[in-house]
Amino acid sequence: MEIPSKVSIFSRSLELKGKPGTLIAINDSGFYEIVMDFQGRNHVVLFPIAETAIIFNDALPSIGADFEVER
């Protein structure tokens with residue numbers, strides 16, 4: 001994963017469902033630092049890692065079916 005990176009943010013506390021942003025850091029205090037647009041201006045927002053899901057917009061390359069999953 002590269003930083004900065006474009007992400008989609010999901011947060012119940014802020015009622016965000018796929019809001020776009022740019023992850024700029026993961027700090028030692030347990031927060032994602034994300035730049036987001038609010039009312040036409042960019043702001044740095046700190047999201048608690050334990051309460052936030054992020055999805056990176058750039059998908060991983062396909063790994064193919066050359067492996068087996070042990071069950």
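Owing to the predicted nature of the structure, the values given are computational and were not obtained by experimental measurement.
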Throw together a table of side-chain donor-acceptor distances under 3.5 angstrom for residues 34-54, partners on residues two or more places apart or in other chains.
unit_1, atom_1, unit_2, atom_2, d
Asp37, OD1, Gly40, N, 3.4
Asp37, OD1, Arg41, N, 3.1
Thr52, OG1, Pro48, O, 2.8

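- Atom OG of Ser5 and atom CG of Asn57 lie 7.0 Å apart (nearest 0.5 Å).
- Closest of all the heavy-atom pairs between Pro4 and Thr22 is CB-CG2, 3.9 Å.
- Residues Ile26 and Val7 are members of one and the same hydrophobic cluster, defined by side-chain heavy-atom contacts under 4.5 angstrom among Ile, Leu, Val, Met, Phe, Trp and Tyr.
- Interatomic distance, CZ of Phe56 versus CG of Leu23, reported as 5.0 Å (0.5 Å rounding).
- Phe10 is listed as a side-chain neighbour of Ile55, based on a closest heavy-atom distance under 4.5 Å.
- In this structure, Ser29 has no side-chain hydrogen bond (donor to acceptor under 3.5 Å, both in side chains) partners at least two apart in sequence or on a different chain.
- A 4.5 Å side-chain heavy-atom check between Asp58 and Lys6 finds every atom pair outside the cut-off.
- Taking CD from Glu33 and CG from Asn27, the interatomic distance works out to 5.0 Å, rounded to the nearest 0.5 Å.
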